[in-house]
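In what follows, a single structure is set out as structure tokens and then discussed.
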Amino acid sequence: MARITGSSHLECQVCHEVHRDVARLLGPRAPDDWLAVGPGERLEAELTPDICILPCNGTTRHFLRGHLQLPVDEYEFGTFVWSVWVELEEFSMVAVARTWSDPNRAAMSPLVGRLATELPYEQPTKGLPVSVHTRDLGQVPLLMLYPGTQHSIVAEQREGIAVHRAAELAGLVWR
Ligand SMILES: [Zn+2]
């Protein structure tokens with residue numbers, strides 16, 4: 001699990017505590033389905049911090065890590081980032097691989113994928129459609145949920161969250 005923290009020095013308007021060292025970036029090092037495949041398939045699989053290629057029941061699945069940002073409405077905090085995995089079609093992964101070292105790769109059209117990480121929300125997050133926006137070299141792709149999807153995480157990405165909610169989300173993951 002990756003974890004980067006930030007602080008708000010102001011008293012929370014919800015619980016009146018000062019939230020210190022709240023996680024600003026959280027996420028697993030592999031797609032959830034990495035754990036689901038057998039040891040034989042795992043041997044033939046590939047996992048880097050950014051990409052996962054997973055043989056599964058005779059086919060090959062392709063995953064890319066991206067950042068799903070929730071804006072935090074208290075200025076000093078910045079954004080809360082879920083570092084999550086997205087499953088892509090093979091042709092999309094080929095396009096990613098082809099442009100990985102291209103200095104102009106941020107100009108590439110967005111790709112379509114599906115979230116492959118279950119996050120601590122009431123409704124499942126795995127399978128939610130996202131657009132994948134390649135950014136400049138060294139930056140993890142940005143993931144944008146589709147505004148029409150009925151899910152609280154979509155509303156949180158659109159409307160932003162309070163530091164209190166960021167602390168709550170981090171707490172749900174770090175039980
Ligand atoms: Zn609070």
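Read the numbers this way: they start at 1 and go in the same order the structure lists the ligands and their atoms. Atoms considered below: every heavy atom in the structure, side chains included; atoms not considered: hydrogens, waters and symmetry mates.
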Do the side-chain N and O atoms of His62 and Thr60 include a donor-acceptor pair separated by under 3.5 angstrom?
no
Side-chain donor-acceptor pair under 3.5 Å between Thr79 and Arg24, yes or no?
no
Set of side-chain contact (heavy atoms from CB on, under 4.5 Å) partners for Asp136, sequence neighbours left out
Ala106, Gln139
What's the separation between atom SG in Cys52 and atom CZ in Arg65, rounded to the nearest 0.5 Å?
12.5 Å
Value for CG (Asp33) from CH2 (Trp85), rounded to nearest 0.5 Å, stands at 12.0 Å
Check: Thr99 side chain, Asp102 main-chain N or O, donor-acceptor pair, under 3.5 Å
no
Would you list the protein N, O or S atoms within less than 2.8 Å of the Zn ion (ligand 1), leaving out water?
Cys12 SG, Cys15 SG, His19 NE2, His164 ND1
